[in-house]
Participant: 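Take a look at this one; I'll ask things after.
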Amino acid sequence: MSYPFQKIEKKWRAYWEKNKVYEPDLKKAKKPFYNLMMFPYPSAEGLHVGNMYAFVGSDIYGRFQRMRGYDVFEPIGLDGFGIHSENYALKIKAHPMEQAKVSEKRFYEQLQMIGNGFAWNERLETYNQGYYKWTQWIFLQLFKNGLAYRKKQAVNWCSGCKTVLADEQVISGECERCSGKVIKKELEQWFLKITEYAEPLLQNLEKIDWSERIKIAQKEWIGKSEGAEIEFKIQNSEFKIKVFTTRPDTLFGVTYMVLAPEHDLILKIKSQISNLKEVKDYIDKTKGESDAERTEINKEKTGVELKGVKAINPANQKEISVFIADYVLSTYGTGAIMAVPAHDERDFEFAEKFKLSVIEVISPLIISDKIKCWTGEGKLTNSSQFNGMISEKAKEEITKSVNGKKTIQYHLRDWLISRQRYWGAPIPMIYCETCAQSGKGEKPAMPGWHATPEKDLPVVLPYVEDFRPKGTGESPLATDKKFYEVKCPQCGKNARRETDVSDTFLDSAWYYLRYPSVNSATADLEPWNHEIIKKWFPVNLYTGGAEHSVLHLLYVRFVALALHDLKLLDFGQSAAPRGEPFPKFRSHGLLIKEGAKMSKSKGNVVNPDGYIAKFGADALRMYLMFLAPFEQGGDFRDRAIMGIARFLERVWELSDKKDAKNGRETKEIIAQKTIKKITEDIERFKYNTAISELMKFINTLEEYPDKNNFEIFLKLLAPFAPFIAEELWGKLGHKKSIHLENWPQYDPRLIKEDKFDLVIQINGKFRDKISVSGEIGEKEAGEIAVSQEKIKNLLKDKKALKIIFVPGKLINIVI
RNA sequence: GCCCCCGUGGCGGAAUUGGCAUACGCGUAGCGUUCAGAACGCUAUCCCGCAAGGGUCAGAGGUUCGAAUCCUCUCGGGGGCACCA
């Protein structure tokens with residue numbers, strides 16, 4: 001191979017760093033463009049080729065914008081705190097604090113190799129004290145403003161990671177990280193009040209430019225439903241059962257009620273329950289079930305009637321039975337339902353099993369045969385004065401008639417952020433028993449709890465020899481007396497630090513705010529510099545994986561909106577809703593290997609290092625981008641990388657060729673068209689077709705070499721293959737880096753050809769094409785068309801019934 | 001079960017305000033270069049047909065002068081949510 005990529009790539013890596021080619025002036029930049037890519041978490045031996053795919057895709061856009069005159073800021077860092085890194089350390093029997101240094105070196109080396117235009121001076125790692133001091137500070141701001149609280153609740157407990165998890169981290173009843181079984185445990189934990197932001201998180205989705213699938217996922221996760229709360233009296237009792245329903249129009253069809261087994265009303269009315277033992281047994285049984293078992297869809301419905309307890313349907317005063325059953329969730333709505341078996345499949349199934357009556361109250365508007373259980377809307381029947389009314393109206397009217405309250409429910413739950421693990425930012429709270437006794441504390445609802453004074457931040461994570469999760473419901477930090485023993489900031493008596501650490505997703509919920517302020521003069525005094533924030537935010541383009549649809553991307557929006565409302569953050573003018581951090585987000589596709597997702601456990605992880613060594617970073621970059629549209633992802637098959645290697649070899653050879661005398665006109669037009677196409681392709685993240693355009697362009701250039709066009713070619717190539725483009729640019733005698741050059745402009749006048757190929761169709765079928773003047777009109781085109789030998793033969797003596805003429809494109813003769 | 005995405009040559013894919021199906025690349029074959037191979041260059045490469053021509057975008061139907069593209073249904077693949085009242 002004559003193209004010495006190893007030497008070239010090494011040379012330019014050093015040059016770029018030394019000359020700060022990718023370091024914008026953060027204070028003075030005139031046209032800031034914040035090009036952000038989700039930072040990696042160093043959980044494995046290193047980055048795999050799928051990570052590279054994502055980073056390169058983001059970098060191409062950044063390089064493109066830099067050449068278009070923007071001051072592009074493309075930072076990089078490591079999401080190194082958290083369970084993923086800790087689990088990896090456990091696996092290889094290392095201490096996470098030491099392992100972090102090893103991973104850091106390894107990751108940064110790999111990221112250097114791939115040739116991205118990173119602003120290396122601003123890198124950050126979430127496990128550094130200078131960073132997590134501010135993670136803790138953010139927690140305190142949320143606490144002080146009522147957005148962080150402690151509550152005892154049945155929470156998700158991962159038996160593998162031995163810690164609690166947020167709702168978003170439970171995937172089909174399994175742990176997001178270790179796929180361990182998740183069970184419910186009643187524990188007191190720290191939560192962030194993301195539910196308070198359910199509405200803006202939902203509403204703003206309409207106004208931000210994000211991949212549609214991500215928006216849909218977030219919308220569904222927030223899960224807004226509108227309905228009503230209706231109260232049912234319990235006979236011979238002062239208590240009422242409050243239910244939430246989206247179908248108050250079916251109230252006359254209620255034949256029984258169901259409480260979640262955890263419902264606190266059960267205790268209050270236990271004296272009325274005649275089969276208390278049976279009820280208690282059922283409750284105990286459901287407690288032992290994991291989430292996955294309990295929500296197993298195919299599971300047969302189970303439940304127990306509360307004998308002796310009857311409720312009254314407020315619509316018709318009918319007496320109805322009350323059950324407890326695990327198909328009703330304590331965490332949604334009021335934890336109780338009114339059951340309408342005629343119009344709800346779950347209720348129907350339950351009613352069938354327990355032989356309960358089914359009363360139809362809605363008849364479908366479209367007559368359809370054999371619907372067992374109609375769950376749609378329709379016209380009311382068996383509903384007394386509401387008969388004949390349509391569902392929509394009946395919802396309003398019936399709710400009113402029983403003094404129901406219109407309400408809105410969300411699927412979204414508050415974000416559980418405490419973790420009983422070691423490798424994370426300690427939650428900066430202090431618990432004082434003395435203050436608790438006297439009811440003192442910063443929040444009346446949480447006596448004894450005090451925020452760590454801000455001057456004492458960071459609460460440093462100590463080195464704990466045995467950092468393994470204990471499984472006791474307590475973090476390993478609870479074994480370190482020196483850590484948790486502290487004086488109460490209010491009364492000065494002996495108190496105890498919180499020993500749980502915060503969820504990694506809190507670290508990554510604000511990292512992008514820190515990047516441009518990492519080296520600010522006030523970096524130790526404030527989390528971000530407000531002038532820099534105004535200048536660089538919101539982020540111009542955010543790129544990352546779709547797997548974070550309801551995790552990171554929801555949390556990060558919540559934190560930004562909350563900080564914004566607390567006046568701690570101000571992005572200034574933006575077209576996006578105020579406080580939205582990422583007006584534009586694009587998710588990249590997944591790079592798979594032989595049809596399967598790359599993962600350590602499957603053993604199909606492709607390491608990029610070998611390819612870089614063998615073909616060069618430029619070749620790997622281009623191959624990855626060529627194999628499929630960036631937003632789609634694709635299958636990694638290394639055979640095809642040869643095609644790119646050949647292409648780069650031809651680029652290298654071309655630099656020595658002398659200009660051709662002929663073909664000037666063709667060259668001009670092709671160059672102009674190529675500029676247009678590639679510019680548009682990059683804007684739409686269609687890097688694969690941009691590369692095919694470069695290939696076509698070089699085919700022409702080989703035939704008609706031309707220095708001027710070769711320079712255009714190199715500029716168009718630069719975002720994709722930054723090393724070879726830089727080298728050949730220098731060889732042409734240029735002193736300035738090609739990456740700081742201007743992106744080529746095309747002249748629309750030159751693209752407009754005075755001739756085009758007119759397509760001639762007969763009955764919509766392609767028959768012929770002929771080169772004609774661009775100005776040609778319908779009449780003239782028709783005459784030319786029928787005068788063609790081929791067309792004449794096909795038409796013979798048949799008459800044209802109709803002529804369809806599309807200027808600049810085709811003529812269709814209908815016979 | 002619900003929601004979203006996808007289905008085009010041997011392969012990755014191109015073609016979207018509906019207008020030449022298969023761009024670009026991989027692979028394969030033939031020829032050239034070579035002692036030979038690798039590499040490289042040229043040519044061919046959706047199917048039937050000697051050709052003229054006909055067929056083809058998972059399958060069926062529809063809208064249209066015209067459909068890979070829009071609509072309906074069916075089949076297949078992938079992803080998300082999942083007893084959310």
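Quick note on labels: first sequence line is chain A, next is B, and so on, each numbered from 1. For the numbers below, each heavy atom of this structure counts, side chains included, while hydrogens, waters and symmetry mates do not.
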Participant: Scan side-chain atoms only and decide if A:S391 and A:D249 contain a donor-acceptor pair under the 3.5 Å cut-off.
Facilitator: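 There is such a pair (donor and acceptor under 3.5 Å, judged by atom type) between the side chains of A:S391 and A:D249.
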Participant: B:C24, B:G19, B:C83: which one has an atom nearest the side-chain heavy atoms of A:Y327?
Facilitator: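 Between B:C24, B:G19, B:C83, the one nearest the side chain of A:Y327 would be B:C83.
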Participant: Please work out if A:I804 contacts a base, only the sugar-phosphate, or nothing of the nucleic acid, heavy-atom cut-off 4.0 Å.
Facilitator: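 Here A:I804 touches the bases of the nucleic acid.
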Participant: Please work out if A:R684 contacts a base, only the sugar-phosphate, or nothing of the nucleic acid, heavy-atom cut-off 4.0 Å.
Facilitator: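 If one applies the 4.0 Å heavy-atom cut-off, A:R684 turns out to touch nothing in the nucleic acid.
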Participant: Picking from A:E631, A:H548, A:R213, what satisfies side chain to side chain donor-acceptor pair (under 3.5 Å) with A:S587?
Facilitator: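 By the side chain to side chain donor-acceptor pair (under 3.5 Å) criterion, A:S587 pairs with just one of A:E631, A:H548, A:R213: A:R213.
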Participant: Which nucleotide sits closest to the side chain of A:I171: B:C24, B:A85, B:C81?
Facilitator: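 Within the option list, the nearest is B:C81.
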Participant: Using a heavy-atom cut-off of 4.0 Å across all strands, would you classify A:T331 as base, sugar-phosphate, or nothing?
Facilitator: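 Result for A:T331 = nothing.
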Participant: Kindly point out which of B:A82, B:C26, B:G55 is positioned nearest to the side chain of A:K765?
Facilitator: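 That would be B:G55.
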Participant: Look at the side chain of A:M695 and decide which nucleotide, out of B:G25, B:A85, B:C4, has an atom nearest to it.
Facilitator: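 Comparing B:G25, B:A85, B:C4 against the side chain of A:M695, the answer is B:G25.
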Participant: Between the base of B:G66 and the side chain of A:Q761, is there a donor and acceptor pair under 3.5 angstrom?
Facilitator: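 Between B:G66 and A:Q761, which were checked side chain against base, a qualifying N/O pair under 3.5 Å is absent.
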Participant: Taking the side chain of A:N688 as heavy atoms from C-beta outward, which of B:C26, B:G19, B:G13 is closest to it?
Facilitator: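 From the listed options, B:G13 comes nearest.
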Participant: To the side chain of A:V759, which of B:C20, B:G12, B:G13 is closest?
Facilitator: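 Selected nucleotide: B:C20.
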Participant: Which nucleotide in the list B:C4, B:C65, B:C20 gets nearest to the side chain of A:K769?
Facilitator: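 From the listed options, B:C20 comes nearest.
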Participant: Name the orientation class of the two ring planes belonging to A:H411 and A:W221 (parallel below 30°, tilted from 30 to 60°, perpendicular beyond 60°).
Facilitator: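 If you compare the ring of A:H411 with that of A:W221, the planes turn out tilted.
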Participant: Can you measure A:Y410 atom OH to B:A85 atom C1' for me and round it to whole angstrom units?
Facilitator: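 Roughly 17 Å, once rounded to whole Å.
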Participant: With respect to the phosphate group of B:C65, does any side-chain polar atom (N or O) of A:K802 fall under 4.0 Å of OP1 or OP2?
Facilitator: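 Indeed, a polar side-chain atom of A:K802 lies that close.
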Participant: Starting the side chain at C-beta, find the nucleotide from B:C4, B:G19, B:A85 nearest to A:K809.
Facilitator: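 For the A:K809 side chain, the nearest candidate turns out to be B:G19.
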Participant: Out of B:G80, B:G13, B:A85, which has the shortest distance to the side chain of A:E220?
Facilitator: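 Of all the options, the side chain of A:E220 is nearest to B:G80.
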Participant: Under 3.5 Å, is there a donor-acceptor pair between the A:Q218 and A:R557 side chains?
Facilitator: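 Result is yes, a qualifying pair exists.
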Participant: With side chain to side chain contact (heavy atoms under 4.5 Å, CB included) as the test, pick out the partner of A:Y687 among A:L627, A:I682, A:D681, A:L624.
Facilitator: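 Among A:L627, A:I682, A:D681, A:L624, the one that satisfies the side chain to side chain contact (heavy atoms under 4.5 Å, CB included) with A:Y687 is A:I682.
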